[in-house]
Protein chains: 2
Amino acid sequence: MISNSAQFELMSEFRAKCKKHNLKMTPQRVTIYQELVKAKDHPGCEDIFERVHKKFPDISLDTVYRTLSTFADIGVINQVEGYGEAKRYDPNTGRHHHLRCLKCNSIVDFQDTTFNNLRIPKSVEKSFVVNNIKVILEGLCKECAKK
Amino acid sequence: MISNSAQFELMSEFRAKCKKHNLKMTPQRVTIYQELVKAKDHPGCEDIFERVHKKFPDISLDTVYRTLSTFADIGVINQVEGYGEAKRYDPNTGRHHHLRCLKCNSIVDFQDTTFNNLRIPKSVEKSFVVNNIKVILEGLCKECAKK
DNA sequence: TTTTCTGCAAATCCTTTGCATATCC
DNA sequence: GGATATGCAAAGGATTTGCAGAAAA
């Protein structure tokens, strides 16, 4: 549960970040953000739309799409797996890790012994059967970093 | 570059796995698999289709979709980020990690100090600007593991 | 008043499905 | 010969886009 003061703080941060990026405060944006903060299930656009729609029957689905995308752009929220992109496949079924460029979407394999030997935390073992550990480094590849 | 003998070995493994899962060997499947093994770019369905199409002009796009999906099911290849699923968002922008259930698609946050303190490998630093490290444990959640 | 956002509708992209025919074992 | 795979066409789901009117700064 989030305390009232924490919620208030989140809300001011949100307003500050919007201001910084010249985003106007609209009731749609506020409602969507509030609904997001409550969510513990890493919801998709449709999920958020359904929840927001109860309080705000006139909101349209594409506003939710646009808003979530904008929020992610300015770092108010994050996108998680999946990325809404097309499926991609890897013929290398051995242990390895990925660099993922956020700009050009390239994925490059790399090896690292520390990452290979990560142990599953005890606390996780009790509630989850882990098949595999993925380590993904997200950022910019050499070419994209130049620009 | 993959040596001829390594390529031959991959091919026998491939045939063995197909046999085990009662998959027939068709020229489409062989061609798709060969094209995949050569790929270093974690291609999508459309990519594979274009490459295969040059050698095999009669192949259809949906065969490629079906085949790649089948290959992933039997573990001949792996799906990587993205998963072809809808976008999902996380209001928690702080450091944390994810458990991802492969069956029900739930994503649950967890904390772990070891994972929090992973260092970016030196070899990576030279060729990549890392924004964030993601650790994702994939497997089955408690409910799905029961079945 | 100017810039930005929203809702609507249409378009686009990715993926799956049903079915008849062709192919593999 | 029997089971399975393929190609075609159509459907389905997710996401984006253009545009005119509405709302925020």
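On a predicted model such as this, the values are computed, not experimentally measured, just so you know. We name chains A, B, ... by the order of the sequence lines, and we start the count at 1 in each one. Just so you know, these numbers use all the heavy atoms, side chains as well, and skip hydrogens, waters and symmetry mates.
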### Task
For the pair A:K103 and A:E143, find out whether any cationic side-chain nitrogen is under 4.0 Å from an anionic carboxylate oxygen.
no

#### Entry: B:R51 and B:E35 ion-paired at < 4.0 Å
no

Just the rounded figure in Å: distance from [atom2] of [N] to [atom1] of [X].
X	N	atom1	atom2	result
A:H21	C:dC5	NE2	P	13 Å
B:I59	D:dA5	CD1	C1'	11 Å
B:L61	D:dG12	CG	P	19 Å
A:D62	D:dT15	CG	C1'	10 Å
A:E85	C:dT15	CD	P	10 Å
A:N22	C:dT3	CG	C1'	10 Å
A:F56	C:dC5	CZ	C1'	12 Å
B:F49	C:dT16	CZ	P	16 Å

Looking at side-chain heavy atoms only, is the closest gap between [X] and [Y] below 4.5 Å?
X	Y	value
A:L137	B:N131	no
B:L23	B:K19	no
A:E138	B:V130	no
A:D112	B:V124	no
A:D109	B:H42	yes

### Query
Got a sec? Which of residues 63-70 of chain A come in under 4.0 Å of DNA chain D, heavy atoms?
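The answer is A:Y65, A:R66.
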
### Task
Tell me yes or no: between the side chains of A:N116 and A:H97, is some donor less than 3.5 Å from an acceptor?
yes

### Query
Is it true that the side chains of A:D90 and A:H96 contain a donor and an acceptor less than 3.5 Å apart?
yes

### Query
Which letters describe nucleotides 20-25 of chain C, given B = protein heavy atom under 4.0 Å from base, S = only from sugar-phosphate, - = neither?
----BS

### Message
Using the ring centroid of each side chain, check whether A:F71 and A:F14 are separated by less than 6.0 Å.
### Response
yes

### Query
Looking only at heavy atoms, what is the nearest atom pair of A:P121 and B:F115, with distance?
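That closest heavy-atom pairing would be CD-CZ, 3.9 Å.
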
## Note on the structure
Students should find that the end-to-end axis angle of the helix from C:dT1-D:dA25 to C:dC25-D:dG1, with five pairs defining each axis and rounding to 10 degrees, is 40°

### Message
For a quick check of understanding: with a heavy-atom distance under 4.0 Å over all strands, which category does B:D58 fall into, base, sugar-phosphate or nothing?
### Response
sugar-phosphate

